[in-house]
Amino acid sequence: MSTIPGPLCRKFIPVEQSEITSVSKVDGFKFRLVSYNILAQVYVKSALFPHSPSSCLKWKARSQAILTVLKSLHADFFCIQELDEYDDFYKGNIENDGYSSIYVKRSGQKRDGCGIFYKQNKAELILEEKIDYNDLVTLIQDEATPSTDKSKLAIPSGDGDSASTNDDLFSDLEAKSSSEGDRGDPNDPRVRLKRDCVGIMAAFKLKGPSQHLVIVANTHIYWDPEWADVKLAQAKYLLSRLAEFKETVARKFECTPSVIVAGDFNSVPGDKVYQYLISGNPPVAPLPEFLEDVPIPLCSVYAYTRGEPQFTNCTPGFTGTLDYILFSPSSDINPVSYLELPDSKSSDVSGGLPNSYHPSDHLPIGAEFEVV
């Protein structure tokens, strides 16, 4: 008889008594969203994960373990990053449980991408758009064209310089250097910004009494900690596109949609990308002048309810929080529970991930929202 443990499935924890739960209705319409970087199989190599048991890295075992984890979470929305084998495996297996899905593959030769799976009995897809961060290269080229209407292409500033413009941003990019020289000169922002990262956003009509509209976005920001400037450019482009999409949905469907953004942002709490993403909704004090251009207010569900977790990514080389579920606070939706996460003393993360308890080097994060 096998003694190898199976995937560990954690529970959702109700938010403690506070203003958040005081408005909760016993029969209110709730929906659950989970974000998970499942670690694309194409990146699973024993040389990269020497700490992981070899049996936990094999596709057959990992794929089934990932499905077990997903099914145990009973989410209405899954935002999945590093999603490969979409057509051949995940699409059919997850949709068999009552989901539909949308997917965007990374640019270039990359084999993974971002997907959103949604329960057909909880939500109806009404509009979607894909985000290709390589479009930032086009923005640079258009910046050099005098006839270009820059107001339509502007990436919102917010990196601490009140006089910051796109030109300042790209000047900063030009001044950087990197070891990734095989794709061209990294000092050229047209090369530097071409990282083949993507995202996807969609508007859904919830199938509750209110038929409230919610926008769900899923993204995976560039990974390299030495390329923080590129990450920030991608974050600014994400919020710019998201704000435009929200305006389109509001105008087309005559509504005020709620906004949820999930993904692997490859950024730790407190760094420039994190601060930019939440800077439109500071908990105290007025907005600094340089943040006036942040196009949409967002805050982290975990920071809002219990504090950011100790980590969402766990390997011997790095352990920290990289994954977030962000939402735009409003009177329409409130987070009422969050997915429990282990701490550093938990035996199931000892030695780093993936392991027999967790099939990815990331942990799933999740939140349950109530329409109020």
Side-chain angles (χ1 to χ4, degrees), residues 7 9-15 24-38 63-83 85-87 89-104 113-130 199-219 245 249 253 255 257-263 301 323-328 332-340 360 363-372:
C9 305
R10 283 190 156 81
K11 300 178 181 179
F12 279 77
I13 307 298
V15 175
S24 181
K25 305 172 185 177
V26 176
D27 58 348
F29 183 86
K30 298 181 179 70
F31 64 94
R32 183 176 289 184
L33 182 144
V34 166
S35 180
Y36 193 14
N37 180 329
I38 61 173
S63 60
Q64 293 301 321
I66 290 168
L67 285 182
T68 298
V69 171
L70 293 176
K71 290 180 180 181
S72 74
L73 295 171
H74 303 290
D76 301 304
F77 295 93
F78 284 114
C79 293
I80 301 179
Q81 307 88 42
E82 290 199 21
L83 178 58
E85 304 296 339
Y86 170 72
D87 289 313
F89 182 78
Y90 286 108
K91 185 177 188 293
N93 278 286
I94 298 177
E95 289 187 353
N96 283 342
D97 285 333
Y99 293 87
S100 289
S101 62
I102 54 177
Y103 175 71
V104 57
C114 293
I116 298 176
F117 292 82
Y118 59 97
K119 273 281 189 183
Q120 295 177 358
N121 64 354
K122 276 294 191 75
E124 175 189 354
L125 175 67
I126 58 175
L127 195 65
E128 68 174 283
E129 281 189 15
K130 298 175 180 179
I200 190 167
M201 51 191 174
F204 297 92
K205 179 186 292 185
L206 300 178
K207 294 185 176 181
S210 68
Q211 294 194 318
H212 183 63
L213 265 65
V214 60
I215 292 171
V216 176
N218 179 24
T219 194
F245 187 66
V249 172
F253 299 99
C255 66
S258 299
V259 176
I260 301 173
V261 187
V301 164
D323 307 88
Y324 305 95
I325 297 173
L326 308 166
F327 74 107
S328 190
D332 297 315
I333 63 169
N334 275 318
V336 293
S337 69
Y338 55 83
L339 182 60
E340 180 185 29
S360 172
L363 297 167
I365 58 174
E368 187 173 43
F369 294 89
E370 182 178 56
V371 180
V372 296

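Index from 1, following the sequence. Here the structure is a predicted model, which means the values were calculated and not measured.
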Nearest-0.5 Å distance, [atom1] of residue [X] to [atom2] of residue [Y]:
| X | Y | atom1 | atom2 | result |
| --- | --- | --- | --- | --- |
| Ile13 | Glu340 | CD1 | CD | 4.5 Å |
| Ile325 | Ile260 | CD1 | CD1 | 8.0 Å |
| Ile215 | Phe245 | CD1 | CZ | 5.5 Å |
| Lys30 | Asn334 | NZ | CG | 11.0 Å |
| Tyr338 | Arg10 | OH | CZ | 12.5 Å |
| Asn37 | Ile365 | CG | CD1 | 10.5 Å |

Is there a side-chain contact between [X] and [Y], using heavy atoms and a 4.5 Å cut-off?
| X | Y | value |
| --- | --- | --- |
| Val371 | Phe31 | yes |
| Asn218 | Gln81 | yes |
| Leu33 | Cys79 | yes |
| Ser210 | Phe29 | no |
| Phe117 | Asp97 | no |

Note to self: Between Asp323 and Tyr36 (side chain of the first, backbone of the second, donor and acceptor by atom type, cut-off under 3.5 Å), is there such a pair?
What the structure shows: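 No: the side chain of Asp323 does not pair with the backbone of Tyr36.
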Note to self: Main chain of Ser337, side chain of Arg32: is a donor-acceptor contact present, judged purely on distance under 3.5 Å?
What the structure shows: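 Checking the backbone N and O of Ser337 against the side chain of Arg32, no donor-acceptor pair under 3.5 Å is found.
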Next item on the list: Evaluate the criterion side chain to side chain contact (heavy atoms under 4.5 Å, CB included) for residue pair Ile94 and Leu67; output intermediate values, then yes/no.
Entry: CA-CA 8 Å; Ile94 298 177; Leu67 285 182; 3.9 Å; yes
Kindly give the heavy-atom pair with the smallest separation between [X] and [Y], and that separation in Å.
| X | Y | answer |
| --- | --- | --- |
| Leu339 | Lys11 | CD1-O, 3.6 Å |
| Val69 | Pro7 | CG2-CB, 3.7 Å |
| Ser35 | Gly263 | OG-N, 3.4 Å |
| Ala75 | Lys119 | O-CG, 3.8 Å |
| Phe78 | Leu70 | CZ-O, 3.1 Å |
| Val104 | Ile200 | CG1-CB, 3.8 Å |

Next item on the list: Might you work through the side chain to side chain contact (heavy atoms under 4.5 Å, CB included) test for Tyr86 and Ile80, ending with a clear yes or no?
Entry: CA-CA 11 Å; Tyr86 170 72; Ile80 301 179; over 6 Å; no
Note to self: Enumerate the salt bridge (Lys or Arg N to Asp or Glu O under 4.0 Å) contacts for residues 72-81, please, sequence neighbours excluded, ordered by first and then second residue.
What the structure shows: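 Every salt bridge (Lys or Arg N to Asp or Glu O under 4.0 Å) pair that includes a residue of residues 72-81, provided the two are not neighbours, is Asp76-Lys122.
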Notebook entry, point to check: Can you check side chain to side chain contact (heavy atoms under 4.5 Å, CB included) on Ser258 and Phe369, steps first, answer last?
Noted result: CA-CA 11 Å; Ser258 299; Phe369 294 89; over 6 Å; no
Margin query: Applying ring pair (Phe, Tyr, Trp, His ring centres under 6.0 Å) to Tyr103 and Tyr90, what does each step give before you reach the verdict?
Written below: CA-CA 11 Å; Tyr103 175 71; Tyr90 286 108; 9.9 Å; no
Item checked: For Glu128, salt bridge (Lys or Arg N to Asp or Glu O under 4.0 Å) partners two or more places apart ->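 None.
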